[in-house]
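None of these values were measured; they are calculated from a predicted model. Numbers restart at 1 for each chain; the letters A, B, ... are given by sequence-line order, proteins then strands. These numbers come from the heavy atoms of this one structure, side chains and all, not from hydrogens, waters or symmetry mates.
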Amino acid sequence: MPRPYDVWLSEVMLQQTTVQAVKPYFEKFLRLWPEVTDLARADTEEVMKAWAGLGYYARARNLKKCAEVVATQHGGIFPDTEEGLKTLPGIGDYTAAAIAAIAFGRRSAVLDGNIERVFSRLYRVETPLPAAKPELRALVGEMTPEERPGDFAQGLMDLGATICTPKRPACALCPLNEDCLALKTADPETFPRKAAKKEKPVRVGAAFVAIRPDGSVLLRKRGDTGLLGGMTEVPGTEWTARIDGDTTTASRPFDAEWEACGAIIHIFTHFELRLSVYRANVAARFERNGDPATGNAWWEAAETLKDQALPTVMKKAIAQAIPDAFRPARVTKPRNVPT
DNA sequence: AAGTCGTGGGG
DNA sequence: TCCCCAAGACT
């Protein structure tokens, strides 16, 4: 059976995230911190840098906290029961059951989005999500075998990911097609039932990219709770419900020759952000380190910008102001040499 | 209980 | 282009 540390790390990364997106991050984390005790000792800022781009940053904060608890209160050994695992930060119903089954062979009822879909179709569950979860978990619990419960769970998840897909499920290939109640009524795609979702509001704001002659950029750190908590950003305004007219003038972090360089649109889970981007070239001696107006900011060299804990929306804003900020270093070799 | 919390890819 | 959503947790 796989190491609990590997299972935990991958399951947390896979929360609401595709396997493809997780792969490089999983490998990077194992390379940087091979054991849970390594992660427990790591600098939180380094963990946030390594997580940057993967999203849902509370996961990274909880990952670090969880590693510390396991290291200091459990002697570096993960609890081997579902209940014990659930007490740890960032481990909820699904992740606790998954680790218990996959890493410890426990007969726990694993219920994720894939298995919700498979079982809501198999039993034609009319209750909409998320209200149907207890019912679905009970059905999964009945079917979960004593032997290899981890493989059972992973098999169901693979079935949901490849055959019993949200749209156009490949029912002809499904090993459960003889028993599927939703297939009998020819409408498997309409399951699981779920409540209608509301539309996304628009928020607007401005971001300010200050550049010294050496190419360094002014950055600052966000508070460690809420949206993009603990991550790095360029100075900017609050993001508010759309207001007509320009509100950025009074919100500029400091006086400079700010030049508008367009806007970016970024879609978060529950709102759309329209961020106006401004750029200013400032003098080399320009000092804003620790300035309250810019929120404990610092100057970051151009070469190390890509290694910061910058969420994707901030990389997009900086790239809007400095188009090649995150491109690979210039190759000095002439490009027009025939080969 | 319903809202908050990212991002990138696919249909 | 737009909409959906992906191995959810926390408040």
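Residues of residues 92-105 of chain A that place a heavy atom closer than 4.0 Å to DNA chain C, in numerical order, are A:Gly92, A:Asp93, A:Tyr94, A:Thr95. Within residues 108-141 of chain A, the residues having any heavy atom closer than 4.0 Å to DNA chain C are, in order of number, A:Asp112, A:Gly113, A:Asn114, A:Arg117. Of the residues in residues 27-38 of chain A, none lies under 4.0 Å from DNA chain B by heavy-atom distance.
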| request: Scan nucleotides 4-11 of chain B nucleotide by nucleotide, 5' to 3', and note B when protein non-hydrogen atoms come under 4.0 Å of the base, S if they reach only the sugar-phosphate, - if neither. | output: SBBBSS--

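Atom P of B:dG8 sits at a distance of 24 Å from the matching atom of C:dC10, rounded to the whole Å. A distance of about 23 Å separates the P atoms of B:dG3 and C:dA7, rounded to the whole Å. Separation of the C1' atoms belonging to C:dT11 and B:dT7 is 23 Å when rounded to the nearest angstrom.
Nucleotides of DNA chain C that come within less than 4.0 Å of any heavy atom of chain A span, from the 5' end to the 3' end, C:dC5 to C:dC10.
A:Thr87 and A:Glu83 share no side-chain donor-acceptor pair at under 3.5 Å. Side-chain contact, A:Glu35 with A:Trp33: no donor N or O sits under 3.5 Å from an acceptor N or O.
Geometrically, A:Lys306 does not engage A:Phe326 in a cation-pi contact, judged by NZ or CZ lying under 6.0 Å from the ring centre and within 45° of the ring axis.
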For a quick test of your reading: what N or O donor-acceptor pairs under 3.5 Å do the side chains of residues 123-130 of chain A make, sequence neighbours left out?
unit_1: A:Arg124; atom_1: NE; unit_2: A:Thr185; atom_2: OG1; d: 2.7
unit_1: A:Arg124; atom_1: NH1; unit_2: A:Glu126; atom_2: OE2; d: 2.8
unit_1: A:Arg124; atom_1: NH2; unit_2: A:Thr185; atom_2: OG1; d: 3.3
unit_1: A:Arg124; atom_1: NH2; unit_2: A:Asp187; atom_2: OD1; d: 3.4
unit_1: A:Arg124; atom_1: NH2; unit_2: A:Asp187; atom_2: OD2; d: 2.9
unit_1: A:Glu126; atom_1: OE1; unit_2: A:Arg193; atom_2: NE; d: 2.8
unit_1: A:Glu126; atom_1: OE1; unit_2: A:Arg193; atom_2: NH2; d: 3.1
unit_1: A:Glu126; atom_1: OE2; unit_2: A:Arg193; atom_2: NH2; d: 3.2
unit_1: A:Thr127; atom_1: OG1; unit_2: A:Glu135; atom_2: OE1; d: 3.2

Under 3.5 Å, side-chain donor or acceptor atoms of residues 260-272 of chain A against the rest of the protein: list the pairs with distances, not counting sequence neighbours.
unit_1: A:His266; atom_1: ND1; unit_2: A:Lys316; atom_2: NZ; d: 2.9
unit_1: A:Glu272; atom_1: OE2; unit_2: A:Arg274; atom_2: NE; d: 2.9
unit_1: A:Glu272; atom_1: OE2; unit_2: A:Arg274; atom_2: NH2; d: 3.2

Only distances under 3.5 Å count here; give the side-chain donor-acceptor pairs of residues 101-115 of chain A to other protein atoms, sequence neighbours excluded, each with its distance to 0.1 Å.
unit_1: A:Arg106; atom_1: NE; unit_2: A:Asp80; atom_2: O; d: 2.8
unit_1: A:Arg106; atom_1: NH2; unit_2: A:Asp80; atom_2: O; d: 3.3
unit_1: A:Arg106; atom_1: NH2; unit_2: A:Asp80; atom_2: OD2; d: 3.4
unit_1: A:Arg107; atom_1: NE; unit_2: A:Thr144; atom_2: O; d: 2.7
unit_1: A:Arg107; atom_1: NH2; unit_2: A:Gly141; atom_2: O; d: 2.9
unit_1: A:Arg107; atom_1: NH2; unit_2: A:Thr144; atom_2: O; d: 3.0
unit_1: A:Ser108; atom_1: OG; unit_2: A:Ala97; atom_2: O; d: 2.7
unit_1: A:Asp112; atom_1: OD1; unit_2: A:Asn114; atom_2: N; d: 3.3
unit_1: A:Asp112; atom_1: OD1; unit_2: A:Ile115; atom_2: N; d: 2.9
unit_1: A:Asp112; atom_1: OD2; unit_2: A:Asn114; atom_2: N; d: 3.4
unit_1: A:Asp112; atom_1: OD2; unit_2: A:Asn114; atom_2: ND2; d: 3.1
unit_1: A:Asn114; atom_1: OD1; unit_2: A:Arg117; atom_2: NH2; d: 2.8

Donor-acceptor contacts under 3.5 Å from residues 44-51 of chain A side chains, at least two apart:
unit_1: A:Glu46; atom_1: OE2; unit_2: A:Lys49; atom_2: NZ; d: 3.4
unit_1: A:Trp51; atom_1: NE1; unit_2: A:Gly55; atom_2: O; d: 2.9

Could you go through residues 222-230 of chain A and list every donor-acceptor pair under 3.5 Å that involves a side-chain atom there, pairing it with any protein atom two or more places apart or in another chain?
unit_1: A:Arg222; atom_1: NE; unit_2: A:Leu227; atom_2: O; d: 3.2
unit_1: A:Arg222; atom_1: NH1; unit_2: A:Glu233; atom_2: OE1; d: 2.8
unit_1: A:Arg222; atom_1: NH2; unit_2: A:Leu227; atom_2: O; d: 3.0

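Heavy-atom distances to DNA chain C give each of A:Ser10 and A:Leu88 a nearest nucleotide, and the one nearer the 5′ end belongs to A:Ser10.
Residues passing the side chain to side chain donor-acceptor pair (under 3.5 Å) test with A:Gln15, sequence neighbours excluded: A:Thr95. Partners of A:Asp151 according to the side chain to side chain donor-acceptor pair (under 3.5 Å) rule, which considers only residues two or more places apart in sequence or in another chain, are A:Arg148.
Between the CG atom of A:Leu14 and the CZ atom of A:Arg59 there is a distance of 8.5 Å, given to the nearest 0.5 Å. In this structure, the separation between NZ on A:Lys64 and CD on A:Glu68 is 3.5 Å, given to the nearest 0.5 Å.
The closest donor-acceptor contact from the side chain of A:Arg121 to the backbone of A:Ala182 lies at 3.5 Å or more, if one exists at all. Within the 3.5 Å criterion, the main-chain N or O of A:Trp299 finds no donor-acceptor partner in the side chain of A:Ser216.
When the side-chain nitrogen and oxygen atoms of A:Lys198 are compared with OP1 and OP2 of B:dA2, none of them lie within a distance under 4.0 Å.
Using bins of under 30°, 30° to 60° and over 60° for the plane-to-plane angle, the ring pair A:Trp8/A:Phe78 lands in the tilted bin.
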